[in-house]
Trainee: 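Let me give you the structure first, and then I'll get to my questions.
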Amino acid sequence: MKRMFWTGLGVAAGVMVTRKASRALEQLTPAGISDRLAESITDLGDAVRQFGMDVREAMWDREDEIRDAFGLNDDTEPEPGSRATAR
């Protein structure tokens, strides 16, 4: 019974090692390398796109803060006689 257990354990370990080795070797083939490269480029493009959206959002937030600081909000009407109505 002990021999069957250890034989079964050895077979299972051998199968696992063989499968992992096959996956590792496939990643070293030209197709595997190109797949990983394409995935990396896609991830980089997504990161750059997200960075651009974050910068634009921060820019719009800062513009709103500056408009609030100077009282140039679009939703407020200028007072009669102010320079804004003289234009």
Trainee: Clusters formed by hydrophobic residues whose side-chain heavy atoms approach within less than 4.5 Å: which one holds Trp60, and what are its other members?
Mentor: Met59
Trainee: Through direct or indirect side-chain contacts below 4.5 angstrom among Ile, Leu, Val, Met, Phe, Trp and Tyr, which residues connect to Met16?
Mentor: none
Trainee: Quick one: hydrophobic cluster around Val55, which other residues, with the 4.5 Å side-chain cut-off, linked directly or via members?
Mentor: Phe51
Trainee: Suppose the criterion is side-chain hydrogen bond (donor to acceptor under 3.5 Å, both in side chains): which pairs have a residue in residues 40-52, not counting sequence neighbours?
Mentor: Asp46-Arg49, Gln50-Asp54
Trainee: With a cut-off of 3.5 Å and sequence neighbours excluded, list every side-chain donor-acceptor pair involving residues 21-37.
Mentor:
unit_1	atom_1	unit_2	atom_2	d
Ser22	OG	Thr18	O	3.0
Thr29	OG1	Glu26	O	2.6
Thr29	OG1	Gly32	N	3.3
Ser34	OG	Pro30	O	3.3
Ser34	OG	Ala31	O	2.9

Trainee: Other hydrophobic cluster members with Val48, side-chain heavy atoms of Ile/Leu/Val/Met/Phe/Trp/Tyr under 4.5 Å, chained?
Mentor: Leu44
Trainee: Taking side chain to side chain donor-acceptor pair (under 3.5 Å) as the definition, give me every residue that meets it alongside Arg62, ordered by chain and number, with sequence neighbours left out.
Mentor: Glu65
Trainee: Can you tell me how far the CD1 atom of Ile66 sits from the CG atom of Leu72, to the nearest 0.5 Å?
Mentor: 10.0 Å
Trainee: Could you pull out all residues at least two apart from Asp61 that satisfy side chain to side chain donor-acceptor pair (under 3.5 Å)?
Mentor: none
